[in-house]
Student: 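First the structure, then my questions, so here it is.
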There are 2 protein chains.
Amino acid sequence: MKKVKIAILGMGTVGGGTYDILTKNIDIIMKRVGIDYEISAILERRMEVIDAHGADHALVTQDIDSILDGDTDIIVECLGGIDFPVSIMKRALENGIGVVTPNKAAVAANYDLLREAAEKGGAELRFEAAVGGGIPILTTITDQLAQNNFTEILGILNGTTNYILTKMTKEGEDYETALKEAQAKGFAEPDPTADVEGIDTANKLCILMTLAMDHYVNPRTIPTTGITGVTPEDIEAAKERDSVIKLIAKAENVDGNITYEVKPTEIPMSHPLAEVSNEFNAIYLNGDAVGELMFYGKGAGALPTGSALVADILAIMKDIAK
Amino acid sequence: MKKVKIAILGMGTVGGGTYDILTKNIDIIMKRVGIDYEISAILERRMEVIDAHGADHALVTQDIDSILDGDTDIIVECLGGIDFPVSIMKRALENGIGVVTPNKAAVAANYDLLREAAEKGGAELRFEAAVGGGIPILTTITDQLAQNNFTEILGILNGTTNYILTKMTKEGEDYETALKEAQAKGFAEPDPTADVEGIDTANKLCILMTLAMDHYVNPRTIPTTGITGVTPEDIEAAKERDSVIKLIAKAENVDGNITYEVKPTEIPMSHPLAEVSNEFNAIYLNGDAVGELMFYGKGAGALPTGSALVADILAIMKDIAK
């Protein structure tokens, strides 16, 4: 059988992590999945990042057309932004090219458009890395838990805010101090707005609700409160109630009436989510068959997020092989 | 397309839970998976359990041959025991019938024999429910995490022993008192040997290692110590070291050298497994790409275990449809 051709668009943190896993773990992947593949192109301008991963210069191109109109089987979209990557993903899907992406903002805002393009082109769109980074939550919901009516989703979905709230809780820091520390450690962006205002979390809740409750809403319509207003006094008051404040994405389904919001929430210390600290993420679900479940892991980072992208690549490869 | 025909062998707790999910949630399953199915036969002698689930008497048979030699597509093996269910599963697989089972003892002791039968008959053998009950851990390892080299597996895999150890830890009970309470609440069998001696946990570790580390060993060769020797003094001493005693299944892979054992182990309170209490199970993994992951949920019970069996049924149905 021919090798599956994979093109990586953008060799930043996550694209680079994906490259590293696909090259370093090729033996174990081949043994377990039994399908041969190659990285056939890398869309990137910065040759220094190409060299940092030891990639072959001959794979590098700045010509997206050569990738989308050539014999590419799967693109790994790690471009960042919304409009440009959406246009690229739409074109790829319509051309019958499988798409994997960690881009939660692009997927949440353009879910229907991308699904239609996938249907039109008979191609697969997968975005496991968009929620929970390395935690394989989305495919688990759609594949292994499809027999459940989910009544509750609670998520700690943003590592930046969880890191800041953990510092405020465990070390008594105020918000500004904890934010600066998160920025110094690389857990927060220089402009942290999308994280601290809860926008990133709302995008992820949108995707979780769509898959677990079959209910899509535009993420901008999700009532969203970030953590910038959380004070040391709030945190102390929660402690006195044997609770901890977390930025929680919540969706509930009560007899078909679905409600949802993102906001700082007191979680009792007896709840499995209470001990999820620092940059870790976790998703807690309640299904009518399976009962309570929690998935815990790294919500960001080159290799954890790359792991989720590679999982999606392997899923598409298996379908191509069939 | 024709309806997929599912036969349930044994309508006890887990078989009954599977029946309930397949019948109660048929609408959501049809909507999400898009494949029509029916329960075509139930192998069971006790008509009172048939009536308890409201099943049609016309489906009930005591004739296994009519199931294995008829047009059954999938059997749900919930018979219990080892030799008889293994002979049934082998025959079904060789006949091209898909098999799903929660029977960890049968799978762990006869892994190669059953895999060979599956290959010979071109049929699928799935046993998601065998480890972690409702937690979708096995398919997640084989499907979404195949790109990882796992260096560490730590599992709390037995609800009975975790319940007993939790009572000893939180309420200061001794082993005998906690065991009696577990038996009174239905969390322990009248003969608790397989649970409290760690045999059940060793069977599950065998399956986890086989899938996550590609390394099968007969479960009887796994060094195994149960919890019958754990004293209130041990638990107090652990507390003083800010730790808690759990019955831990552990496998490590250090540069290809795989070691494994089951024994009561001190877990620091800072570890994600420390707070896994009562009858809950959890599996903690460390993969070279994904990093730390933990999966938490109900390790037993009619509906949680039934959820895992139905997940396997749906996976086989999807492959039949392709």
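Order of the sequence lines sets the chain letters (A, B, ...), proteins ahead of strands, with each chain counted from 1. Quantities reported herein were computed from a predicted structural model and do not represent experimental measurements.
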Student: Need one label for A/I21: side chain, backbone, both or neither, based on atoms under 4.5 Å from any heavy atom in chain B.
Tutor: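 Side chain only.
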Student: Are there donor-acceptor pairs under 3.5 Å across chain B and chain A? List atom names and distances.
Tutor:
unit_1, atom_1, unit_2, atom_2, d
B/K24, NZ, A/D288, OD2, 3.4
B/N25, ND2, A/Q147, O, 2.8
B/N25, ND2, A/D288, OD1, 3.3
B/N25, ND2, A/D288, OD2, 3.2
B/R32, NE, A/D214, OD1, 3.4
B/R32, NE, A/D214, OD2, 3.2
B/R32, NH1, A/A146, O, 3.0
B/R32, NH1, A/N148, O, 2.8
B/R32, NH2, A/A212, O, 3.0
B/R32, NH2, A/D214, OD2, 2.8
B/T140, OG1, A/Q144, NE2, 3.1
B/Q144, NE2, A/T140, OG1, 3.2
B/A146, O, A/R32, NH1, 3.0
B/Q147, O, A/N25, ND2, 2.8
B/Q147, NE2, A/S307, O, 2.6
B/Q147, NE2, A/S307, OG, 3.1
B/N148, O, A/R32, NH1, 2.9
B/N148, ND2, A/S307, OG, 3.1
B/A212, O, A/R32, NH2, 3.0
B/D214, OD1, A/R32, NE, 3.4
B/D214, OD2, A/R32, NE, 3.2
B/D214, OD2, A/R32, NH2, 2.8
B/D288, OD1, A/N25, ND2, 3.2
B/D288, OD2, A/K24, NZ, 3.3
B/D288, OD2, A/N25, ND2, 3.2
B/M294, N, A/Y296, O, 2.8
B/M294, O, A/Y296, N, 2.8
B/Y296, N, A/M294, O, 2.8
B/Y296, O, A/M294, N, 2.8
B/S307, O, A/Q147, NE2, 2.6
B/S307, OG, A/Q147, NE2, 3.0
B/S307, OG, A/N148, ND2, 3.1
B/D319, OD1, A/K322, NZ, 3.4
B/K322, NZ, A/D319, OD1, 3.4

Student: What residue, out of A/A289, A/A302, A/G297, A/A315, has the most heavy-atom pairs lying under 4.5 Å from chain B?
Tutor: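 Going by pairs under 4.5 Å, I would pick A/A289.
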Student: Return the option, out of A/L22, A/I29, A/I28, with the maximum number of heavy-atom pairs under 4.5 Å with chain B.
Tutor: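 Of the candidates given, the most pairs with chain B belong to A/I28.
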Student: Can you name the ring pair (Phe, Tyr, Trp, His ring centres under 6.0 Å) partners of A/F295, sequence neighbours left out?
Tutor: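 Ring pair (Phe, Tyr, Trp, His ring centres under 6.0 Å) list for A/F295, sorted by chain: B/F295.
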Student: Most heavy-atom pairs under 4.5 angstrom with chain A, which of B/I26, B/L293, B/V33?
Tutor: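 Looking at each option in turn, the highest pair count goes to B/L293.
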Student: Non-hydrogen atoms of chain B under 4.5 Å away: do they reach the side chain of A/A146, the backbone, both or neither?
Tutor: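 Answer is both: backbone and side chain atoms of A/A146 are under 4.5 Å from chain B.
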Student: Is B/I135 close to chain A through its backbone or its side chain, or both, or neither, when contacts mean heavy atoms under 4.5 Å?
Tutor: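 Looking at B/I135, backbone and side chain both touch chain A.
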Student: Between A/L145 and chain B, with a heavy-atom cut-off of 4.5 Å, which part of the residue counts as in contact: side chain, backbone, both or neither?
Tutor: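 Contact with chain B: backbone and side chain both.
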Student: The criterion is side-chain contact (heavy atoms from CB on, under 4.5 Å); which residues satisfy it with B/A212, sequence neighbours excluded?
Tutor: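 Checked B/A212 against side-chain contact (heavy atoms from CB on, under 4.5 Å); matches are B/I141, B/F150, B/I153.
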Student: How would you list, by chain and number, every residue that makes a side-chain contact (heavy atoms from CB on, under 4.5 Å) with B/A123, sequence neighbours excluded?
Tutor: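 Scan of B/A123 (side-chain contact (heavy atoms from CB on, under 4.5 Å), adjacent residues dropped) gives B/L93.
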